[in-house]
Amino acid sequence: MGLALNSRRVRRKSMAAKTKFRGSFTALVTPFKNGSLDEAAFRSLVNWQISEGTNGLVPVGTTGESPTLSHDEHKKVVEWCIEEAKGRVPVIAGAGSNSTKEAVELAQHAEKAGANAVLVVTPYYNKPTQEGMYQHFKAINDAIGIPIIIYNIPPRSVIDMSVDTMKRLWELKNIAGVKDATASMVRVSQQRAAMGEDFNQLSGEDATILGYMAHGGHGCISVTSNVAPRLCSEFQAAWAKGDHATALKIHDKLMPLHNNLFIESNPAPIKYAMTLLGKMDETLRLPMVPVSEPTRVAVRSAMVHAGLIN
């Protein structure tokens with residue numbers, strides 16, 4: 001009976017939505033101008049990212065200041081990203097909320113707009129139990145027909161989805177993988193042991209990406225790649241080819257950025273970095289504020305180290 005149940009599960013999963021997302025995916029910032037969305041800067045950013053070799057795009061996550069976007073703005077940014085990408089790279093649309101009803105609505109919109117998958121964060125602030133998290137993701141799974149990437153980020157959500165809960169969710173038809181921001185190398189291996197190689201594991205922590213890939217990860221949803229898309233994608237390409245020496249060299253070049261972009265809360269430092277490249281205004285929405293002078297010095301120095309500016 002156990003074997004029959006297991007084969008049913010395997011069969012069900014083989015019909016499920018799977019993702020083969022590999023490489024460098026950018027957690028896009030959302031440019032603002034005069035209090036509103038800066039559509040021109042955003043579309044230009046999408047095109048620049050693709051031309052620089054980014055493997056995929058993730059609009060309206062934490063880096064995209066999703067907490068302070070209205071629902072209409074959130075949906076617009078997703079639509080612009082999909083329109084501008086024109087199918088050249090996959091788009092994983094942010095669709096998370098600590099309200100299940102709201103997350104379902106955002107996920108349904110992303111599917112209708114043509115997203116390749118949705119990124120759904122574990123519900124923050126409410127502090128649901130493991131069962132509550134399971135039911136939250138199951139409700140979204142049942143409401144859409146595209147893959148779902150679980151976003152597990154304990155430092156922001158205050159909760160940590162267990163490997164056992166992830167394994168239960170993996171049996172559902174649309175659960176496809178995880179954006180893992182636990183910064184735990186052990187977790188990658190534990191998740192692979194529990195769910196197998198088909199479970200799409202993407203790091204959400206730039207600084208630990210070398211170790212994450214060594215433990216069997218598939219790529220990174222990166223903040224740094226907003227400002228260094230080519231280097232981040234070259235790192236991933238070198239790793240995929242088994243050229244670990246080149247990957248390490250690029251990682252060393254990027255490491256000060258990986259660190260210094262998080263001296264103050266993301267996305268304030270990355271927005272400052274983008275202004276140094278002339279890509280957008282530094283405008284943030286309260287309660288986010290521009291970074292302090294010491295952080296500016298540190299970010300600028302890291303960009304010089306990476307060869308992005310003189």
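- In terms of modelled atom types and a separation under 3.5 Å, the side chain of Asn174 and the main chain of Asn141 share a donor-acceptor contact.
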Yes or no on side-chain contact (heavy atoms from CB on, under 4.5 Å) for Asn116 and Ile146, after CA distance, side-chain angles and deciding distance? CA-CA 7 Å; Asn116 299 89; Ile146 58 172; over 6 Å; no
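- Taking each heavy atom of Ala306 and Leu257 in turn, the nearest pair found is CB-CD1, 4.2 Å.
- Atom CD1 of residue Ile263 and atom OG1 of residue Thr295 lie 5.0 Å apart, to the nearest 0.5 angstrom.
- Under the 3.5 Å distance criterion, the side-chain polar atoms of Thr182 are matched with a main-chain donor or acceptor of Ser184.
- Side-chain atoms of Asn152 and Asp180 form no donor-acceptor pair, as typed in the model, at a separation below 3.5 Å.
- A donor-acceptor pair under 3.5 Å is absent between the side-chain atoms of Lys279 and the main chain of Ala41, judged by distance alone.
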Could you walk me through whether Asp142 and Lys173 pass the salt bridge (charged side-chain N to carboxylate O under 4.0 Å, His left out) test, one step at a time? CA-CA 8 Å; Asp142 295 349; Lys173 67 183 173 70; over 6 Å; no
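- Between Asn260 and Pro269, the shortest heavy-atom distance links the atoms O-CB, 4.1 Å.
- In the hydrophobic clustering of this structure, Met255 does not group with Ile250; members are Ile, Leu, Val, Met, Phe, Trp, Tyr whose side-chain heavy atoms approach within less than 4.5 Å, directly or through other members.
- Side-chain contact between Ile92 and Val118 is absent, with no heavy-atom pair separated by less than 4.5 Å.
- The distance from atom CD1 of Ile270 to atom OG1 of Thr275, rounded to the nearest 0.5 Å, is 10.0 Å.
- Under the 4.0 Å criterion applied to side-chain N and carboxylate O atoms, Glu73 and Arg285 are assigned as salt-bridge partners.
- At least one donor-acceptor pair closer than 3.5 Å links the side chain of Ser97 to the backbone N or O of Ser99.
- Between Asn55 atom CG and Ile221 atom CD1 the span is 12.0 Å, to the nearest 0.5 Å.
- Here the side chain of Thr54 pairs no donor or acceptor atom with the backbone of Gly56 at under 3.5 angstrom.
- Using a 4.5 Å heavy-atom cutoff, the side chains of Val29 and Phe42 are not in contact.
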Does His74 form a side chain to side chain donor-acceptor pair (under 3.5 Å) with Glu65? I'd like the steps, not just the answer. CA-CA 9 Å; His74 182 116; Glu65 290 177 79; over 6 Å; no
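- A donor-acceptor pair shorter than 3.5 Å can be found between the side chains of Ser157 and Thr122.
- Tyr272 carries Arg296 over the face of its six-membered ring, with the cationic atom under 6.0 Å from the centre and within 45° of the normal.
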Walk me through whether Arg43 and Glu84 qualify under salt bridge (charged side-chain N to carboxylate O under 4.0 Å, His left out). CA-CA 6 Å; Arg43 287 182 181 271; Glu84 214 54 49; 2.6 Å; yes
Pair Lys76-Glu39, salt bridge (charged side-chain N to carboxylate O under 4.0 Å, His left out): steps then yes or no: CA-CA 9 Å; Lys76 271 182 191 164; Glu39 182 178 355; over 6 Å; no
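- In this structure, His136 and Pro128 have side chains that are not in contact, with every pair of non-hydrogen atoms separated by 4.5 Å or more.
- Applying the 6.0 Å contact sphere to CZ of Arg300 captures no more than 12 heavy atoms from other residues, nucleotides or ligands.
- Taking the ring centroids of His251 and His258, they lie under the 6.0 Å cut-off.
- When every heavy atom of Thr63 is checked against every heavy atom of Asn226, the shortest pair comes out as CG2-ND2, 4.0 Å.
- Taken from CG in Leu202 to OG in Ser222, the straight-line distance is 11.5 Å, to the nearest 0.5 Å.
- When all heavy atoms are compared, the tightest approach of Tyr151 to Ala181 is CE1-CB, 4.1 Å.
- Transitive grouping of hydrophobic side chains (ILVMFWY, heavy atoms separated by less than 4.5 Å) brings Met133 and Val120 into a common cluster.
- A salt bridge links Asp198 with Lys20: the closest approach of a Lys/Arg side-chain nitrogen to an acidic carboxylate oxygen falls below 4.0 angstrom.
- No side-chain heavy atom of Glu234 sits under 4.5 Å from any side-chain heavy atom of Glu52.
- Inter-residue side-chain proximity for Val304 and Leu308 is flagged as unmet; no heavy-atom pair is nearer than 4.5 Å.
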Under the criterion side-chain contact (heavy atoms from CB on, under 4.5 Å), I'd like the reasoning laid out for Ile153 against Tyr124: C-alpha separation, chi angles, the key distance, then a yes or no. CA-CA 9 Å; Ile153 179 164; Tyr124 40 88; over 6 Å; no
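- A continuous path of hydrophobic side-chain contacts links Val46 to Trp48 [ILVMFWY only; heavy atoms under 4.5 Å].
- Residues Ile82 and Gly114 approach most closely at CD1-C, 3.8 Å, considering heavy atoms.
- Checked for salt-bridge contact, Glu131 and Arg168 meet the test: a charged N lies under 4.0 Å from a carboxylate O.
- Here Val188 pairs with Gln201, Tyr212, His215 under the side-chain contact (heavy atoms from CB on, under 4.5 Å) rule; sequence neighbours left out.
- Contact annotation: the side chain of Met280 never approaches that of Phe32 to less than 4.5 Å [non-hydrogen atoms, C-beta and beyond].
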Evaluate the criterion side-chain contact (heavy atoms from CB on, under 4.5 Å) for residue pair Asp164 and Tyr134; output intermediate values, then yes/no. CA-CA 10 Å; Asp164 286 344; Tyr134 176 82; over 6 Å; no
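- Counting heavy atoms from C-beta outward, Glu282 and Met274 have side chains that stay 4.5 Å or more apart.
- For the residue pair Asn47/Arg88, the side-chain donor-acceptor check at 3.5 Å is satisfied.
- Here Ile150 contributes atom CD1 and Ile140 contributes atom CD1; the two are 10.0 Å apart, rounded to the nearest 0.5 Å.
- No continuous path of hydrophobic side-chain contacts links Phe25 to Val89 [ILVMFWY only; heavy atoms under 4.5 Å].
- Looking at every heavy atom in both residues, Arg156 comes nearest to Asn266 through NH2-O, 3.1 Å.
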Pair Asp160-Arg187, salt bridge (charged side-chain N to carboxylate O under 4.0 Å, His left out): steps then yes or no: CA-CA 11 Å; Asp160 183 0; Arg187 198 67 69 89; 2.7 Å; yes
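- Here the side chains of Ser24 and Ser225 are in contact, with some heavy-atom distance below 4.5 Å.
- Annotation for Lys101: atom NZ does not count as buried by contact number, only 12 or fewer foreign heavy atoms lying within 6.0 Å.
- No chain of hydrophobic side-chain contacts below 4.5 Å, direct or via other Ile, Leu, Val, Met, Phe, Trp or Tyr residues, connects Met166 to Ile149.
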Test side-chain contact (heavy atoms from CB on, under 4.5 Å) on Thr30 and Leu37; report intermediate values, then the result. CA-CA 7 Å; Thr30 302; Leu37 299 175; 3.6 Å; yes
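- Put simply, the side chain of Asp206 gets close to the backbone of Thr224: a donor and an acceptor are under 3.5 Å apart.
- Between Phe199 and Trp170, the angle of the ring planes goes over 60°, which puts this pair in the perpendicular group of the 30/60° scheme.
- Separating the CZ atom in Arg192 from the CD atom in Glu197 is a distance of 6.5 Å, to the nearest 0.5 Å.
- When atom types are taken as modelled, the side chain of Ser233 and the backbone of Gly53 share a donor-acceptor pair closer than 3.5 angstrom.
- For Glu111 (side chain) and Gly145 (main-chain N/O), a donor-acceptor pair under 3.5 Å exists by modelled atom type.
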